[in-house]
Amino acid sequence: MRNANEKDIKEISEHNRIVYIQEMDVLKRYYSLVENLTYKNQTKWQLYNSLMYPIYADFNHKVYRQFKEKILNGDTVELLFPVRLDLNV
């Protein structure tokens with residue numbers, strides 16, 4: 001699955017510097033479950049964000065693995081997560 005905003009992002013002049021990191025299928029399903037159990041039922045945002053931790057942890061781990069050299073050299077790695085998740089899993 002590609003990022004839902006990828007087409008619009010490609011219109012930005014520096015889009016070639018953007019790296020897309022895909023989440024695992026199990027985390028896509030987990031995201032959908034958390035959305036259905038909490039957010040849509042207007043659960044407190046603290047619980048919602050706590051339940052989202054596995055997704056953020058996986059993303060941060062993938063970013064570190066992919067950009068470890070740059071990170072350890074003190075280079076800036078800007079992150080935007082999530083841009084938009086496509087729930088059509």
(request) Would you list the pairs meeting salt bridge (charged side-chain N to carboxylate O under 4.0 Å, His left out) in which at least one residue belongs to residues 47-56, sequence neighbours left out? (result) none

(message) Is it the case that atom CD in Gln46 sees more than 12 heavy atoms from other parts of the structure closer than 6.0 Å?
(response) yes

(message) Applying side-chain contact (heavy atoms from CB on, under 4.5 Å), can you list everything that pairs with Leu33, at least two apart in sequence or on another chain?
(response) Leu37

(request) Verify side-chain hydrogen bond (donor to acceptor under 3.5 Å, both in side chains) between Tyr31 and Glu23, making sure each step is shown before the conclusion. (result) CA-CA 10 Å; Tyr31 175 83; Glu23 59 279 332; over 6 Å; no

(message) Strictly distance-based, threshold 3.5 Å: is any side-chain N or O of Tyr30 a donor or acceptor partner for the main-chain N or O of Met52?
(response) no

(message) Can you give me the closest heavy-atom contact between Val34 and Thr38, atom names plus distance?
(response) O-OG1, 2.6 Å

(message) Give me the atom names and distance for the closest heavy-atom approach of Ser50 to Pro54.
(response) O-CD, 4.3 Å

(message) Would you say Tyr53 ends up clustered with Phe59 if hydrophobic residues are merged whenever their side chains have heavy atoms under 4.5 Å apart, either directly or through other cluster members?
(response) no

(message) Distance check, rounded to the nearest 0.5 Å: Gln22 atom CD versus Leu27 atom CG?
(response) 12.0 Å

(message) Tell me every residue that passes side-chain contact (heavy atoms from CB on, under 4.5 Å) with Lys62, counting only those two or more places apart in sequence or in another chain.
(response) Ile21, Met24, Asp58, Arg65

(message) Treating Asp75 as the side-chain partner and Ile71 as the backbone partner, does any N or O pair qualify as donor plus acceptor under 3.5 Å?
(response) no

